[in-house]
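Each chain gets a letter, A, B and so on, in the order its sequence line appears, and its residues count up from 1. Values below: every heavy atom of this structure, side chains too, minus hydrogens, waters and symmetry copies.
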Protein chains: 2
Amino acid sequence: MPNTRLDAIDRRILAALQRDARLSNVQLAEEVNLSPSPCLRRVRQLEAAGLIRGYHAELDRGGVGLGLTVFVGVKVERHHEAEANAFREAVVALPEVVSAHLVSGESDFLLQVVVADLAAYERFLTGTLLRLPGVSDIRSNFAIQTVKEHGPLPLTRPGGEGR
Amino acid sequence: MPNTRLDAIDRRILAALQRDARLSNVQLAEEVNLSPSPCLRRVRQLEAAGLIRGYHAELDRGGVGLGLTVFVGVKVERHHEAEANAFREAVVALPEVVSAHLVSGESDFLLQVVVADLAAYERFLTGTLLRLPGVSDIRSNFAIQTVKEHGPLPLTRPGGEGR
DNA sequence: ATAAAATTGGCAGAAAATGCCAATGAAGAA
DNA sequence: TTCTTCATTGGCATTTTCTGCCAATTTTAT
């Protein structure tokens, strides 16, 4: 049972849990117009199917002393498979890197880096990032203001695949 | 009581809830070596203090039919306060935009956009983004591979402020 | 229309959440 | 150091929630 198509109730469940992952099953059931039993069963099913990958608390970055977010574009020496792989593995292990994508365009990788302040970023850049295997160029873009963050995925497909 | 400094237990609570926001209070208490009562009190306190901004389910983007992530750099006509404000407000209202930052560097804003596929992105770009107030230039970087996502914030300060 | 299959709602026992209070531990004053 | 004060803890009792099971209902296919 790999891909049982989502119905309207599943989508409402996902939307609700995106918004508030700590809803009790009773509240959730009420919100999607179902009784608790089948509601819980659907949630478990969505988890088992891998559609729900986890539940996370969203923290205030400034509040925990991580006041600086930087988007870092990284070029790796000519995609030499080996270089790129080594870079990938190194990056997932770095706690300061909260997300990393291989992207098209000017840079090869785009990282989101979270640190306490400029001094910490300098340390991270010169002491860690620049020493990673295969790195040939780095462009740092500092987040000056966060306009939107952790927005929910738009589940009411505005014209997507399927059905 | 705005900013009661975090102690080691608070930090462990935050770390645990970042990893799994659906831990029961009993499990959480055990994990941080506290009995359930004070543990719950601390969690409530962290919520009230704004350090915990919410709890969210992390979904599988492909699984919900949103297979394409694009990082979009946007230039706004010369930061004309008015233009930038209008742009900000427009952007937070767009469901396809899951994050948006004002950044230093080549672009003024960096958006993360999630859509079903290239066709949907084309529609979004020409039908929505390019029509926003003050937009003067757009650079689209497509995510080819996700190396790391939703990484936890590094709470064991690797040399940050304070203390 | 009939039959098979999946899904639902309710119930009961087990577990968790939550508010309260006395006891413990830490910080400061004398 | 010793005493006092204040914050925090742990345990208890009540309420709420979770969770597995079964009969009833709805849906799908023939």
Side-chain angles (χ1 to χ4, degrees), chain A residues 1-60 63-65 152 155-157 161-163, chain B residues 1-60 63-65 152 155-157 161-163:
Chain A
M1 34 111 240
N3 205 6
T4 320
R5 191 103 227 95
L6 300 180
D7 65 12
I9 295 182
D10 289 323
R11 240 169 293 128
R12 266 185 295 169
I13 289 176
L14 293 177
L17 290 178
Q18 270 196 110
R19 196 190 63 231
D20 182 1
R22 294 216 75 155
L23 283 172
S24 76
N25 183 55
V26 174
Q27 293 173 293
L28 179 60
E30 189 175 343
E31 188 164 332
V32 302
N33 283 315
L34 220 57
S35 66
S37 298
C39 183
L40 182 61
R41 232 170 306 143
R42 278 168 181 263
V43 172
R44 294 286 177 262
Q45 209 170 292
L46 291 167
E47 290 170 352
L51 280 171
I52 298 177
R53 300 180 44 155
Y55 303 94
H56 308 288
E58 177 195 355
L59 308 187
D60 179 73
V64 297
L155 295 183
T156 51
R157 77 203 46 198
E161 52 107 43
R163 204 326 170 301
Chain B
M1 34 111 240
N3 207 5
T4 321
R5 192 103 227 95
L6 300 179
D7 65 11
I9 295 182
D10 288 324
R11 238 166 297 127
R12 264 184 296 167
I13 289 176
L14 293 177
L17 290 178
Q18 269 195 110
R19 197 190 61 228
D20 182 1
R22 295 217 72 155
L23 283 172
S24 75
N25 183 55
V26 173
Q27 292 173 294
L28 179 60
E30 188 175 345
E31 188 163 331
V32 302
N33 282 314
L34 221 57
S35 67
S37 298
C39 182
L40 183 61
R41 229 170 308 143
R42 278 168 180 261
V43 172
R44 293 286 177 263
Q45 210 170 290
L46 291 166
E47 290 169 352
L51 280 171
I52 297 177
R53 302 180 43 156
Y55 303 93
H56 308 288
E58 176 195 353
L59 307 187
D60 178 73
V64 298
L155 295 183
T156 52
R157 76 205 46 200
E161 52 108 41
R163 198 321 167 302

Next item on the list: Give one of base, sugar-phosphate or nothing for Ser24(B), where a contact means two heavy atoms less than 4.0 Å apart.
Entry: sugar-phosphate

Next item on the list: Before accepting this row, confirm whether a basic side-chain N of the pair Glu31(A)/Arg19(A) lies closer than 4.0 Å to the acidic partner's carboxylate O.
Entry: yes

Item checked: Whole-Å gap separating C1' (dT7(C)) and CZ (Arg42(A)) -> 8 Å

Next item on the list: Under 4.0 Å between any heavy atoms, over every strand shown, what does Ser37(B) touch: base, sugar-phosphate, or nothing? Just pick one.
Entry: base

Check: Can you tell me how far P of dT8(C) sits from CG of Asn25(A), to the nearest Å?
Finding: 13 Å

Margin query: Just the rounded figure in Å: distance from P of dT16(D) to CG of Leu40(B).
Written below: 16 Å

Item checked: Asn33(B) CG to dT8(D) P, straight-line distance once rounded to whole Å -> 18 Å

Notebook entry, point to check: Picking from Leu14(B), Asp10(B), Leu28(B), Leu6(B), what satisfies side-chain contact (heavy atoms from CB on, under 4.5 Å) with Arg42(B)?
Noted result: Asp10(B)

Next item on the list: Could you tell me the separation between the CZ atom of Arg22(B) and the C1' atom of dA16(C), rounded to a whole number of Å?
Entry: 13 Å

Next item on the list: Please tell me which of the listed nucleotides, dA17(C), dT19(D), dC21(D), lies nearest to the side chain of Val26(B)?
Entry: dA17(C)

Next item on the list: Rounded off to whole Å, could you give me the CG-to-P distance for the Leu34(A) and dT26(D) pair?
Entry: 14 Å

Margin query: Using a 4.0 Å heavy-atom cut-off, does Arg44(A) contact any base of the nucleic acid, only the sugar-phosphate backbone, or nothing at all?
Written below: sugar-phosphate

Next item on the list: Could you tell me the separation between the CD atom of Glu30(B) and the P atom of dG11(D), rounded to a whole number of Å?
Entry: 13 Å

